[in-house]
Amino acid sequence: MADRGGAPEAGSLVETGRGARRSQHRRRIILSELALTVTFTLTVLHGLVEADELISVRVFLAGWAANLLVLALCCVLPWQRIPTRWVILVPLVDFAAIGLSRAAAGESIPGMGLLAAFPVVWIAASRLRTVTAVAVTAVASLAIIWIPLALGDTPVTVDALVDPILLPFMLAGLAWFVNALTKESRQRQEALRASQAALRESVAAGRARERLLGTVLDTVSVGLLAVDADGHDILMNARQRDVHAAAAPSGNDDPSEADLLVFGEDRITPVPPEVRPVRRAILGEELEDEQVWVGTGRSQRALSISSSSMHDDDGSFAGTVVSFHDVTELVLALQAKDDFLSNVSHEFRTPLTSILGYIELTLEIDDLPGVASSHLEVARRNAVRLEQLVEDLLAINAGSFQVNPVPTDVGRILAEATSSGSVRAARAGLRLVNRAPRSLPAVVDPVRLAQAVDNLLTNAVKYNRRGGSVTLDACQGEDGLVVEIEDTGIGIEEEDLHRIFDRFFRSPSVRTSSVPGVGLGLLITKTIVSEHRGSISVTSERGKGSCFTILIPQEGR
Ligand code: ADP
């Protein structure tokens, strides 16, 4: 609601709440009236000194008394309960008081009419519209001139009416001027108030967001740490404080990063401070799933640490957010699974060896019926596969394969792999092509390389489609022996490419299909190649096929 008829407003009024505003309103009314009363009183006293007969002019004194009374009322009235539009009555009564004294004083106090400037300014600075303010002041100042004229004894002539009209003109002009100034200052104040309100709102919204973020950060089960570009902590959530406490040496309540107990995968080798994940993240390195152990004894925890850098608007490094995922249960479960696999494989080995031995002994019997011998052959083949799988599991668990590189004809290995794979390929409706030279000398472990090639060839057939093809190739390149197995099969999704050499990994589409497998073949192949100090790479396109390339360096080349 517009505050029509209010008292003049102080230029630097700042909204400080409703109570403060009310007391300011009251103070402004009293001070405005006081300024007039002081000037009025001085004018009256001056008039009395100059013309002492005025002391007996009741109307003169009545005007002064009316002004004093208005001041007293201003001091005692409960302005907070009076609608602000009624405040306009104060300057109007002042007009009347000035008019009375002026009329009574007559020529004794020539400038007394100028006192009307006070109520004029008051009215002009109120929230009245310009036209209304100017009209009210013009009418009021004309009234204080003309009414005494009309009530006096002297005849009312045009000259008598026009002569003093300069004063109302000037007062109306003053009202216009003050109104324009006040309007502008009020607009500025309102803009200031609006921007203060917007600022308060955005500060409140910022605080609410901060509270929300704090609650979210303390609710998640991941430890989070944010550091600025200089490596100073700017945020640490509750979970991370627990992790930090668990990593602190006993008796040290405020350890630095270097004091923390951080160990490698074996849980006992300390990680040097300069290569610790957090240190590297602070320096701007982006980490993904780096695993460390922190703390000692029963409270030791396995953490998977990742980080991402923050950048300013201009792209410069602004700090890092590091996340700490407690993977203790997962790591312990994986260890338990490995132990279980290893134990079971060991338990399988002895009876399998015995089964194979007895099958082979039985196969040596001369008068074995043909059907029995062919059944036993199938049993032998499967027992050999099972034995191989057990050996692979044990080797994978031990983390290495023994390789014994000797001069070998790799051309022959590929020819044998092609001939034994051709039955499977034909059954799957595939064309199997061997482009490798008939003879290709190299220094490799013949058994292990044959195993690696067989794994890749088996996959190229398994993950293919009827009517497709598999191509083998090999050569001695500049960097060593190159063996390539290419297929026109289902291909591998890009996001799976970096995981296909992981233990037990099978791509999701394969897992739901009927294609058999356990996800160890590529890991074994990679381990064999690594034991030869070589490398294996893959290129693949979903729906088009894959190409696996083995590179084994050859001494003296
Ligand atoms: P397995 O074949 O027993 O599943 P591997 O370790 O040999 O295990 O292969 C791992 C996974 O890689 C496979 O499950 C399959 O998803 C993918 N893969 C391997 N070779 C190929 C290939 N030639 N074409 C398409 N996918 C393949």
Side-chain angles (χ1 to χ4, degrees), residues 264-266 269 271-272 275 288-291 338 341-342 345 388-418 420-421 434-460 470-487 492 496-505 517-540 546-557:
E265 257 181 62
D266 62 0
T269 311
V271 181
V275 292
E288 202 186 328
D289 279 339
E290 290 239 357
Q291 200 192 308
D338 286 351
L341 272 179
S342 168
S345 308
Q388 186 65 55
L389 183 63
V390 167
E391 290 303 325
D392 289 345
L393 281 172
L394 285 171
I396 287 289
N397 251 18
S400 69
F401 282 86
Q402 280 275 308
V403 294
N404 183 22
V406 289
T408 309
D409 184 356
V410 174
R412 204 165 144 208
I413 291 179
L414 291 192
E416 277 170 9
T418 310
S420 61
N434 179 13
R435 294 221 179 101
R438 216 174 253 272
S439 164
L440 182 63
V443 179
V444 292
D445 182 320
V447 178
R448 288 304 182 189
L449 183 69
Q451 187 182 0
V453 168
D454 194 48
N455 283 347
L456 295 181
L457 187 62
T458 306
N459 282 351
V470 177
T471 311
L472 279 76
D473 204 351
C475 66
Q476 280 290 2
E478 263 181 30
D479 299 324
L481 172 72
V482 181
V483 178
E484 216 172 70
I485 290 147
E486 191 174 5
D487 66 65
I492 302 163
D496 292 340
L497 272 177
H498 69 287
R499 301 170 61 198
I500 54 171
F501 295 101
D502 290 353
R503 187 193 314 207
F504 301 122
F505 177 80
V518 286
L520 280 177
L522 285 183
L523 175 62
I524 291 167
T525 306
K526 187 177 176 183
T527 314
I528 291 171
V529 174
S530 301
E531 291 294 327
H532 281 89
R533 286 181 289 110
S535 61
I536 179 165
S537 57
V538 57
T539 54
S540 184
S546 313
C547 179
F548 286 81
T549 307
I550 292 173
L551 173 69
I552 297 178
Q554 297 293 295
E555 300 248 317
R557 287 204 158 245

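Keep in mind the model is a prediction, meaning the values are calculated, not measured.
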Where is the tightest heavy-atom contact between [X] and [Y], given as atom of each residue plus distance?
X: Gly421; Y: Leu457; value: CA-CD2, 4.4 Å
X: Gly534; Y: Pro553; value: CA-CD, 3.6 Å
X: Thr525; Y: Ala452; value: CG2-CB, 3.7 Å
X: Val453; Y: Ala417; value: CG1-CB, 3.9 Å
X: Pro441; Y: Asp409; value: N-OD1, 4.3 Å
X: Asn455; Y: Gly521; value: ND2-O, 3.3 Å

(request) Please assess Val444 against Gln554 for the test side-chain contact (heavy atoms from CB on, under 4.5 Å), listing each intermediate value before the final yes or no. (result) CA-CA 9 Å; Val444 292; Gln554 297 293 295; 4.3 Å; yes
(message) Please check if the number of heavy atoms outside Glu265 that lie under 6.0 Å from its CD is greater than 12.
(response) no
(message) Can you confirm whether more than 12 heavy atoms, excluding those of Arg435, are under 6.0 Å from its CZ atom?
(response) no
Contact between [X] and [Y] at the side-chain level, heavy atoms closer than 4.5 Å - yes or no?
X: Glu290; Y: Val271; value: no
X: Ile528; Y: Ile550; value: no
X: Asn459; Y: Phe548; value: no
X: Ser439; Y: Pro437; value: no
X: Val483; Y: Leu456; value: no

Donor-acceptor check, side chain of [X] to backbone of [Y], threshold 3.5 angstrom: yes or no?
X: Ser420; Y: Glu416; value: yes
X: Asp266; Y: Thr269; value: yes
X: Asp487; Y: Ser546; value: yes

(message) Between Ile524 and Gln451, is the side-chain contact (heavy atoms from CB on, under 4.5 Å) condition met? List the steps.
(response) CA-CA 9 Å; Ile524 291 167; Gln451 187 182 0; 3.7 Å; yes
(request) Output, in order, the C-alpha distance, side-chain angles, deciding distance and verdict of side-chain contact (heavy atoms from CB on, under 4.5 Å) for Val538 and Phe501. (result) CA-CA 10 Å; Val538 57; Phe501 295 101; 4.3 Å; yes
Rounded distance [0.5 Å steps], [atom1] in [X] versus [atom2] in [Y]:
X: Asp338; Y: Arg503; atom1: CG; atom2: CZ; value: 4.5 Å
X: Ile536; Y: Ile500; atom1: CD1; atom2: CD1; value: 8.0 Å
X: Asn434; Y: Ile485; atom1: CG; atom2: CD1; value: 9.5 Å
X: Thr418; Y: Leu472; atom1: OG1; atom2: CG; value: 4.5 Å
X: Leu522; Y: Ile492; atom1: CG; atom2: CD1; value: 7.5 Å
X: Ser537; Y: Leu551; atom1: OG; atom2: CG; value: 8.0 Å

(request) Might you work through the side-chain contact (heavy atoms from CB on, under 4.5 Å) test for Leu440 and Leu414, ending with a clear yes or no? (result) CA-CA 10 Å; Leu440 182 63; Leu414 291 192; 5.9 Å; no
(request) Run through His532, Gln402, Glu531 and flag the one making a side chain to side chain contact (heavy atoms under 4.5 Å, CB included) with Asp445. (result) His532
